[in-house]
There are 2 protein chains.
Amino acid sequence: MNIGQASDASGVSAKMIRYYEEIGLIRPASRSGNNYRVYDEEQVHVLRFVRRARSLGFSLEETETLLKLWQDKSRTSAAVKEVATGHIADLERRIAEMQGMVKTLKHLAHCCGGDHRPDCPILDDLAGEKPLHDQHHHHEGELR
Amino acid sequence: MNIGQASDASGVSAKMIRYYEEIGLIRPASRSGNNYRVYDEEQVHVLRFVRRARSLGFSLEETETLLKLWQDKSRTSAAVKEVATGHIADLERRIAEMQGMVKTLKHLAHCCGGDHRPDCPILDDLAGEKPLHDQHHHHEGELR
DNA sequence: GTAAGGCTTCCCATCATGGGAAGGTCAAGG
DNA sequence: CCTTGACCTTCCCATGATGGGAAGCCTTAC
């Protein structure tokens with residue numbers, strides 16, 4: 001199986017397969033006579049593992065850790081769980097950060113007329129002016 | 001005011017001030033005889049605007065748009081609001097994506113013993129095996 | 001005079017991915 | 001046999017926003 005077929009079978013682009021090999025995430029593929037990379041089902045399985053880990057937001061470094069644990073038959077599920085819970089915490093931190101932004105932005109947008117006039121509490125906030133005392137133009141709740 | 005003072009006054013690192021100038025986000029600072037960049041209160045105000053926009057997650061491109069709207073006295077608040085709502089939608093999309101990851105990961109972690117044994121539904125999922133039928137080890141709800 | 005600290009530019013690294021060029025290889029079909 | 005097209009190879013560059021650090025200039029204080 002060449003890299004194109006491995007890519008189709010795994011859902012990982014050929015570009016990324018080469019990159020993962022380069023950074024040592026996956027073992028270098030063996031080469032056929034024409035210097036083409038050759039893959040078997042097992043390698044494709046590894047690639048799918050990587051793709052799934054990436055789709056759950058694990059970094060390549062975390063993915064490498066998980067990959068090693070997967071291949072280590074004497075691993076403990078505690079070790080795996082620790083990686084996962086660490087990642088969950090990271091995601092939740094980032095989610096909370098973005099939710100804070102959304103909350104502020106929705107409040108500002110809610111207070112913004114959104115009309116032809118130039119007055120805009122959003123710009124006022126960015127400019128550090130007029131702390132905004134909820135004197136909004138709308139009365140239909142757009143928040144929540 | 002030199003770049004260091006402007007940095008302290010605005011909360012934007014000197015490195016970033018130079019970068020923002022380089023990419024055209026802010027106007028090139030005038031230079032004093034020794035070729036040092038010189039800033040006044042107005043420039044610092046602009047830098048604070050940028051910092052605030054960044055802290056709300058606006059990209060530098062969006063920040064540039066907002067900066068131009070801020071300086072354009074004939075802007076409409078509708079134009080500003082559109083940028084903000086677009087950004088809110090983007091944030092919410094990313095939040096939803098990450099929440100999906102968290103949901104899956106919490107489920108998997110919940111079903112993982114987290115003990116000395118190697119069996120691990122997290123790895124099984126990543127490997128694309130055993131679709132997981134909620135046969136978890138825990139009974140205290142960790143989800144939600 | 002020299003040391004410290006601030007300024008300048010320039011290059012490199014991050015993280016994960018894609019784009020594209022230049023060139024080798026292979027299979028099918030004229 | 002030769003061309004065409006679809007692969008493959010490596011190498012370089014770009015993204016977005018930021019930081020690190022080197023080499024060298026300027027100023028101020030001791």
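Below, chains carry the letters A, B, ... as their sequence lines are ordered, and counting in each starts from 1.
Atom CD of B:Glu61 and atom P of D:dT15 are 12 Å apart (whole Å). Between B:Asn35 atom CG and D:dA23 atom P the separation is 21 Å, expressed in whole Å. Straight-line distance from the CD1 atom of B:Ile3 to the P atom of D:dC25: 20 Å, rounded to whole Å. Atom pair B:Asp8:CG and C:dC7:C1' shows a separation of 14 Å (rounding to whole Å applied).
Ranking D:dC26, D:dT10, D:dA17 by closeness to the B:Arg54 side chain, first place goes to D:dA17. Closest to the side chain of B:Arg37, from the set D:dC8, D:dT18, C:dT9, is C:dT9.
Between B:Trp70 and B:Phe49, the ring planes lie parallel to each other; the angle is under 30°, not in the 30° to 60° tilted range.
A salt bridge links B:Arg117 with B:Asp115: the distance from a Lys NZ or Arg NE/NH1/NH2 to an Asp or Glu carboxylate oxygen falls below 4.0 Å. Ionic pairing of B:Glu92 and A:Lys106 is present here: one or more N-O contacts between side-chain nitrogen and carboxylate oxygen are shorter than 4.0 angstrom.
Contacts between residues 9-24 of chain A and DNA chain C, defined by a heavy-atom separation below 4.0 Å, involve A:Ser13, A:Lys15, A:Met16, A:Tyr19, A:Tyr20, listed by number.
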Side chain to side chain contact (heavy atoms under 4.5 Å, CB included) evaluation trace for B:Ile88 with A:Met101: CA-CA 8 Å; B:Ile88 289 169; A:Met101 293 174 183; over 6 Å; no
Chi angles and distances behind the side chain to side chain contact (heavy atoms under 4.5 Å, CB included) call for A:Thr76, A:Leu69: CA-CA 8 Å; A:Thr76 64; A:Leu69 287 168; over 6 Å; no
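A 6.0 Å sphere centred on CD of B:Glu64 holds more than 12 heavy atoms belonging to other residues, nucleotides or ligands.
In this structure, A:Tyr36 is not a member of the same hydrophobic cluster as A:Val44, with clusters built from ILVMFWY side-chain heavy atoms closer than 4.5 Å.
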Can you tabulate the close N/O pairs, meaning under 3.5 Å, that link protein atoms to atoms of nucleotides 22-24 of chain C?
residue	atom	partner	partner atom	Å
C:dG24	N2	A:Tyr36	OH	2.8

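Proximity of B:Gln43 to B:Arg48: side-chain heavy atoms (C-beta onward) are nowhere separated by under 4.5 Å.
Contact between the side-chain N/O atoms of A:Asn34 and the OP1/OP2 oxygens of C:dC26 is found at a separation under 4.0 Å. A close approach under 4.0 Å does occur between a side-chain nitrogen or oxygen of B:Arg31 and OP1 or OP2 of C:dT9.
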Scan the side chains in residues 16-27 of chain A for donor-acceptor partners under 3.5 Å anywhere in the protein, sequence neighbours excluded, and list what turns up.
residue	atom	partner	partner atom	Å
A:Glu21	OE1	A:Ala29	N	3.3
A:Glu21	OE1	A:Arg37	NE	3.1

